[in-house]
Amino acid sequence: MAAHQLLYKLFVTLFFAWLLFSCQSATEITETDNIDTLSVGYTLSQQYCNNCHQHPEPDLLPKSTWQDYVLPRMGYRLGIYEHDSIRQSLLEAGLGGVRVDQAGIYPTQPIINQDQWQAIQDYYLDQAPDSLSFTKTEVSVGLANFQVQIPSYRLSPPSTTMVKIHRQQLLVGDANSKSLYQFDADLHLKRVARTGEGAVHTEISTEQFLITVMGLFSPTDNPQGKVMTLPRTDAGVPFVLLDSLQRPVQTTVADLDKNGLPDLITCEFGKWLGGLFYYQQQPDGRFRKIALRQQPGAIAAYVRDINQDDKPDVLALFGQGDEEIFAYINQGEGKFQEKTILRFPPSYGSSSMLLMDVDEDGDEDIVYTAGDNADYPPVLKPYHGIYFFTNDGNYQFEQSWFYPLPGAYRALPADYDQDGDLDVAAISFFPGYQSAPEAGFVYLQNQGNMNFTAHTFAESTYGRWLVADTGDLDGDGDLDIVLGSLAFEVVPPNGLLDEWVERGIPFVVLENQVMAK
């Protein structure tokens with residue numbers, strides 16, 4: 001009996017030892033399999049994501065955003081749809097949808113198999129954080145050197161797509177009324193011109209305004225945009241120079257071929273289609289279209305002689321997926337060599353670029369903002385904000401300063417208080433309306449050595465500031481600031497949209513009082 005009990009105990013001991021070993025082995029195999037799966041997912045994401053843009057790391061977005069929005073949309077671009085009807089629903093009506101279909105933006109057949117797609121999803125959902133860490137920057141209410149001027153003129157809903165200070169006048173483009181408004185320095189309306197939906201940019205000459213009109217403010221690939229001239233007086237008639245453009249947002253005038261005729265460089269933001277185009281003026285006045293980059297998301301372009309060869313080159317910012325700053329080096333005869341200057345992940349939401357000498361060393365640096373947050377319910381991103389990239393003199397740029405500002409849309413550095421250093425006026429279209437709505441406008445006053453204190457004004461929530469400009473509107477020798485408001489849905493709703501529509505304030509002017517003191 002004792003022997004049987006001993007054998008039984010030995011059997012039980014061996015059994016549990018085997019069971020424990022088996023469980024440990026199974027765990028090790030499972031962990032190894034998981035690691036292998038994630039490694040495969042990472043490799044595949046590098047392979048397929050890099051075809052369209054910089055590889056996005058999982059920690060750029062919270063897990064829920066990856067799962068509910070980004071990964072499904074990534075799948076569509078790989079030809080993976082949950083239902084047969086989804087692909088057709090992604091194609092808008094009209095010519096835009098036809099062009100997107102023909103371009104193969106949404107493949108009719110999967111590019112990868114289901115196992116590969118699952119590995120990519122597993123990689124992102126395993127590695128993504130539950131939330132992003134963000135430290136709120138305190139902004140004090142009160143602008144010591146500015147007086148807030150609110151115009152008596154109202155537009156409801158306010159849909160301002162452009163504000164431009166030119167000497168002692170203010171130009172305001174409005175998408176809803178499809179008009180361009182001209183105000184004097186006292187904010188009295190002097191003139192209205194019908195332009196079509198979304199006057200977004202102007203270049204001004206002695207006799208006329210050159211107006212870029214989006215065609216449709218809402219995302220579309222239907223080519224309804226245009227570039228037109230508008231006489232500065234009632235004498236003369238408007239004239240359309242270019243039409244059928246893909247949501248253009250800026251037009252730059254320059255003689256790129258140096259033949260004495262002004263050419264046009266258009267940033268056609270589009271939606272899934274678009275590009276940066278050089279319209280070379282011919283002797284008969286017509287324009288020859290040359291694509292510098294035939295991809296959507298062109299935001300801003302500047303003409304500079306980058307390599308000092310006496311040929312004008314182009315420096316341009318792109319958002320909308322492949323977010324980069326490119327240089328287009330003029331080779332002559334309408335040919336350009338593309339060179340990447342800076343590249344950003346697609347979640348950055350590139351929103352603006354400005355060239356200016358921020359470090360006062362004699363060459364132009366890049367002022368860049370990241371803040372677009374309209375592709376999914378807004379997420380407070382710690383990398384959204386204002387960046388300075390300083391130039392080493394040979395158009396090699398290195399980040400030298402960053403100020404976190406969720407939803408940053410434009411930054412305008414200048415010596416507003418005239419104390420000898422740069423301050424920064426900035427707007428945010430996605431400031432975090434649940435936690436810090438007052439940060440829709442931020443004035444960073446330089447206390448010396450790039451140490452800033454942040455301020456705003458009490459009425460900063462009277463509008464949703466999409467555009468901004470600076471200039472001496474009242475002619476007193478200091479720089480004023482104008483902010484343009486566009487009423488846009490707040491997610492989740494908090495009542496501000498109704499207030500913006502009811503107030504109907506198209507813009508406000510922050511009148512600088514430094515010279516009055």
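In what follows, every heavy atom counts, from backbone to side chain, and hydrogens, waters and symmetry copies are set aside.
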Are any non-hydrogen side-chain atoms of [X] and [Y] less than 4.5 angstrom apart?
X	Y	value
V509	L473	yes
P406	P431	no
M515	D478	yes
Y69	P377	yes
Y462	L496	no
M228	T212	no
I325	L315	yes
L273	I105	yes

Q. Between Y278 and Y328, does the ring centre distance come in under 6.0 Å?
A.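 That pair fails the under 6.0 Å test.
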
Q. Is the ring centre of F452 less than 6.0 Å from the ring centre of Y403?
A.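 F452 vs Y403: aromatic centres not under 6.0 Å.
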
Would you call [X]-[Y] a salt bridge at under 4.0 Å N-O?
X	Y	value
E323	R343	no
R73	D375	no
R293	D322	yes

Does either side chain, that of [X] or that of [Y], offer a donor lying less than 3.5 Å from an acceptor on the other one?
X	Y	result
T340	E324	yes
T160	S485	no
S205	E207	no
T251	T266	no
T252	Q250	yes
S156	E502	no
E364	N391	no
E511	Q147	no

Mark yes or no for whether [X], through its side chain, and [Y], through its backbone, hold a donor-acceptor pair below 3.5 Å.
X	Y	answer
T161	A199	yes
S179	S177	yes
N373	F430	no
H384	G407	yes
W500	P157	no
D392	N394	yes
D305	D309	yes

According to the interplanar angle, ranging from 0 to 90°, do the rings of [X] and [Y] count as parallel (below 30°), tilted (30 to 60°) or perpendicular (above 60°)?
X	Y	answer
F402	Y387	tilted
Y153	F183	perpendicular
W401	F388	tilted

Q: List in chain and number order the residues that pass side chain to side chain contact (heavy atoms under 4.5 Å, CB included) with S347, two or more places apart in sequence or in another chain; answer none if no residue qualifies.
A: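 Listed in chain order: L60, L61, P345, Y376, K381, Y383.
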
**Q.** Partners meeting side chain to side chain contact (heavy atoms under 4.5 Å, CB included) with R232 (sequence neighbours left out)
**A.**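 R232 satisfies side chain to side chain contact (heavy atoms under 4.5 Å, CB included) with H166, Q169, I204, F209 only.
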
Q: Identify which one of E92, Q246, R247 satisfies the side chain to side chain donor-acceptor pair (under 3.5 Å) criterion when paired with T220.
A: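 Single side chain to side chain donor-acceptor pair (under 3.5 Å) partner of T220 among E92, Q246, R247: E92.
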
Of all the heavy-atom pairs spanning [X] and [Y], show the shortest one and how long it is.
X	Y	answer
V303	P312	CG1-CB, 3.7 Å
T202	M162	N-SD, 3.7 Å
S350	F344	OG-CD1, 4.0 Å

Q: Kindly indicate, with the supporting measurements, whether the criterion ring-ring contact (aromatic ring centres under 6.0 Å, His included) is fulfilled by F457 and F146.
A: CA-CA 9 Å; F457 58 104; F146 294 91; 9.5 Å; no

Q) Is NZ or CZ of K289 both nearer than 6.0 Å to the six-membered ring centre of F277 and within 45° of the ring axis? A)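 Relative to the ring axis of F277, which defines the angle, K289 lies inside both limits.
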
Q | CD/E57: more than 12 non-hydrogen atoms of other groups inside 6.0 Å | A |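 Yes - once you tally the heavy atoms of other residues, nucleotides and ligands closer than 6.0 Å, there are more than 12.
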
Q: Check the pair R167 / D472 against salt bridge (Lys or Arg N to Asp or Glu O under 4.0 Å), numbers first and verdict last.
A: CA-CA 7 Å; R167 297 176 181 170; D472 187 6; over 6 Å; no

Q.
Using the rule ring pair (Phe, Tyr, Trp, His ring centres under 6.0 Å), only one of W465, F488, F429 pairs with Y409; which is it?
A.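 Of W465, F488, F429, ring pair (Phe, Tyr, Trp, His ring centres under 6.0 Å) with Y409 is met by F429 alone.
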
